[in-house]
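Note on naming: letters A, B, ... go to the chains in the order of the sequence lines (proteins, then strands), and numbering restarts at 1 for each one. Computed from a predicted structure; not experimentally measured. Keep in mind that the numbers below use all heavy atoms, side chains included, and drop hydrogens, waters and symmetry copies.
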There are 2 protein chains.
Amino acid sequence: MDVSDPRSWSLGRLLSTAARQVEQEWNEWLATHGLTHAGLLALHALSDGPMTQRQLAAASRVEEQTMSRVVERLQRMGHVTRDRDERDRRRVLVRRTPLGDAVVEAIEGSTFSDELVGRRLVDPEMFRAELVRLLTQPDGGRPDVS
Amino acid sequence: MDVSDPRSWSLGRLLSTAARQVEQEWNEWLATHGLTHAGLLALHALSDGPMTQRQLAAASRVEEQTMSRVVERLQRMGHVTRDRDERDRRRVLVRRTPLGDAVVEAIEGSTFSDELVGRRLVDPEMFRAELVRLLTQPDGGRPDVS
DNA sequence: CGCTATTACTAAGCATGCTGAGTAACATAC
DNA sequence: GTATGTTACTCAGCATGCTTAGTAATAGCG
């Protein structure tokens with residue numbers, strides 16, 4: 001069996017290799033707006049208004065420590081502002097700047113992100129539904145750990 | 001639209017979030033063997049015998065600089081040896097050690113990696129075929145970059 | 001033979017992901 | 001109202017991924 005032939009790979013390996021490839025292609029396009037993949041997720045989550053970093057991390061499904069650095073970079077690039085919440089000074093309120101709004105609008109307006117993946121598939125809707133299942137269903141314990 | 005609901009996400013976002021989640025679960029289990037996700041890919045590619053780092057990188061679909069560090073770690077953990085090729089001293093030949101063989105065998109013997117993903121899906125074979133399409137088909141240029 | 005080009009790998013810097021540990025602010029208990 | 005606990009965030013360290021920039025070894029050309 002040829003280990004370099006994707007058809008012989010496990011689902012997990014296929015999934016993570018495909019994700020890396022798509023992320024890479026996406027990043028090239030996002031870089032023209034001064035954004036990264038992770039940054040866009042956060043910016044997008046701010047569409048409904050300001051959020052704390054903790055909420056932002058949960059929305060992006062990453063740890064708070066990771067989000068801390070992503071937001072720091074977004075701030076450095078001028079896409080968001082960070083202000084201490086005056087009613088609870090532990091919290092940091094993250095707000096999109098006008099630049100951040102514009103960037104998200106430009107990217108959402110393009111159908112790039114979905115077409116990048118979807119047009120290479122036979123049945124994108126089915127594929128989407130399976131991905132949602134992966135994210136939604138609980139792990140449920142590990143099989144066959146002998 | 002609730003941005004925290006995966007059903008509203010783009011395919012690209014779903015793909016990379018799902019991949020990260022699966023990789024995470026996989027890593028927890030691999031850690032019991034002193035391995036990481038990236039390390040297993042490399043070890044697995046060595047099943048057909050020793051390879052140069054360049055070949056190894058191509059098989060894992062990562063850059064040589066990345067593979068360099070992955071192999072360094074595998075060596076540190078005792079899973080591979082690295083020897084200069086005497087006929088071409090630019091090359092580094094990577095070989096699995098007996099420990100490396102044992103670890104791969106233990107992991108391949110378990111059906112964990114495929115079940116981890118597959119048993120949460122409705123149609124794993126279709127899902128697999130779509131992923132293979134993503135990896136096999138060329139990018140073909142970007143649509144709608146206005 | 002000697003100069004140049006290519007090949008194979010390493011080094012360093014940035015961005016993300018994780019974990020573990022630390023600090024400040026708020027909340028609660030006594 | 002001080003002591004304890006919880007919450008929200010940051011720092012530091014490791015492992016990957018990338019890009020750019022080296023350094024050795026080989027190949028090829030005149």
**Message:** For B/Met126 versus A/Met126, what's the shortest heavy-atom pair and its separation?
**Reply:** SD-CG, 3.0 Å
**Sequence neighbours excluded, every pair satisfying side chain to side chain donor-acceptor pair (under 3.5 Å) that has a member inside residues 57-66 of chain B** = B/Arg54-B/Glu64
**Prompt:** Who pairs with B/Val104 by side chain to side chain contact (heavy atoms under 4.5 Å, CB included), at least two apart in sequence or on another chain?
**Reply:** B/Leu43, B/Arg96, B/Glu108
**Message:** Can you pull out every side chain to side chain donor-acceptor pair (under 3.5 Å) where at least one residue sits in residues 72-82 of chain B? Sequence neighbours excluded, please.
**Reply:** B/Gln53-B/Arg82, B/Gln75-B/Arg82
**Asked** Reckon B/Glu64 touches a base, only the sugar-phosphate, or nothing at all at heavy-atom distances under 4.0 Å?
**Response** base
**Message:** Over all strands shown, is B/Arg20 touching base, sugar-phosphate only, or nothing at heavy-atom distances under 4.0 angstrom?
**Reply:** sugar-phosphate
**Item:** Covered region of DNA chain C, 5' end to 3' end, by chain A [heavy atoms, under 4.0 Å]
**Value:** C/dA15 to C/dC26
**Request:** Taking all non-hydrogen atoms of both residues into account, name the closest pair between B/Asn27 and B/His37 and its distance.
**Result:** OD1-N, 2.8 Å
**Request:** Over all heavy atoms of both residues, which pair between B/Ala42 and B/Leu74 is shortest? Give the atoms and the distance, please.
**Result:** CB-CD1, 3.9 Å
**Request:** Would you give the length of the straight line joining atom CG of A/Leu30 to atom CD1 of A/Ile107, rounded to the nearest 0.5 angstrom?
**Result:** 5.0 Å
**Asked** Picking from D/dG13, D/dC18, D/dA12, which would you name as closest to the side chain of B/Val62?
**Response** D/dC18
What pairs of nitrogen or oxygen atoms, one from the protein and one from nucleotides 1-4 of chain D, lie under 3.5 Å apart?
none

**Prompt:** For A/Gln53 and D/dT10, is the shortest distance between a side-chain N/O and OP1 or OP2 below 4.0 Å?
**Reply:** yes
**Item:** Under 4.5 Å side-chain linkage, directly or through intermediates, the cluster mates of B/Val122
**Value:** none
**Asked** Within the structure shown, what part of the strands sits under 4.0 Å from A/Gln65 by heavy-atom distance: base, sugar-phosphate, or nothing?
**Response** base
**Message:** Can you see if the side chain of A/Ser68 gets near the phosphate of D/dT10 - specifically, an N or O under 4.0 Å from OP1 or OP2?
**Reply:** yes
**Request:** Kindly write out the residues that satisfy side chain to side chain donor-acceptor pair (under 3.5 Å) with A/Asp83, not counting sequence neighbours, or none if the list is empty.
**Result:** A/Arg95
**Message:** For a 4.5 angstrom cut-off between non-hydrogen side-chain atoms, does A/Thr17 reach A/Pro6?
**Reply:** no
**Asked** Sequence neighbours excluded, which residues qualify as side chain to side chain donor-acceptor pair (under 3.5 Å) partners of A/Arg69?
**Response** none
**Asked** When Ile, Leu, Val, Met, Phe, Trp and Tyr are grouped by side-chain heavy atoms lying under 4.5 Å apart, directly or through other members, which residues fall in the same group as A/Leu41?
**Response** none
**Request:** Please list, by residue number, the residues of residues 36-43 of chain B whose heavy atoms come closer than 4.0 Å to an atom of DNA chain D; answer none if no residue qualifies.
**Result:** B/Thr36, B/Ala38
**Message:** I want to confirm an ordering. Mapping B/Gln55 and A/Arg61 to their closest nucleotides on DNA chain C, which one lands closer to the 5' end?
**Reply:** B/Gln55
**Request:** Please report the shortest heavy-atom distance between B/Trp26 and A/Gly12, naming the atom on each side.
**Result:** CZ3-C, 4.0 Å
**Request:** Evaluate the ring planes of A/Phe127 and B/Phe127, with Trp represented by its six-membered ring, and classify them as parallel (under 30°), tilted (30 to 60°) or perpendicular (over 60°).
**Result:** parallel
**Prompt:** When we call it a touch if two heavy atoms are under 4.0 Å apart, what does B/Glu63 touch: a base, just sugar-phosphate, or nothing?
**Reply:** base
**Asked** Where do A/Leu131 and B/Ala18 come nearest, in terms of heavy atoms and distance?
**Response** CD2-CB, 3.9 Å
**Fill in**
Minimal heavy-atom distance between B/Glu23 and A/Ser16, with the atoms involved, is OE2-CB, 3.0 Å
**Request:** Work out how much the helix from C/dC1-D/dG30 to C/dC30-D/dG1 bends between its end axes, five pairs an end, to the nearest 10 degrees.
**Result:** 10°
**Message:** If I take atom CZ in residue B/Arg69 and atom C1' in nucleotide D/dG17, what distance separates them, rounded to the nearest angstrom?
**Reply:** 7 Å
**Item:** Residue-level proximity of residues 78-93 of chain B to DNA chain D when a heavy atom falls under 4.0 Å
**Value:** B/Asp88, B/Arg89, B/Arg90
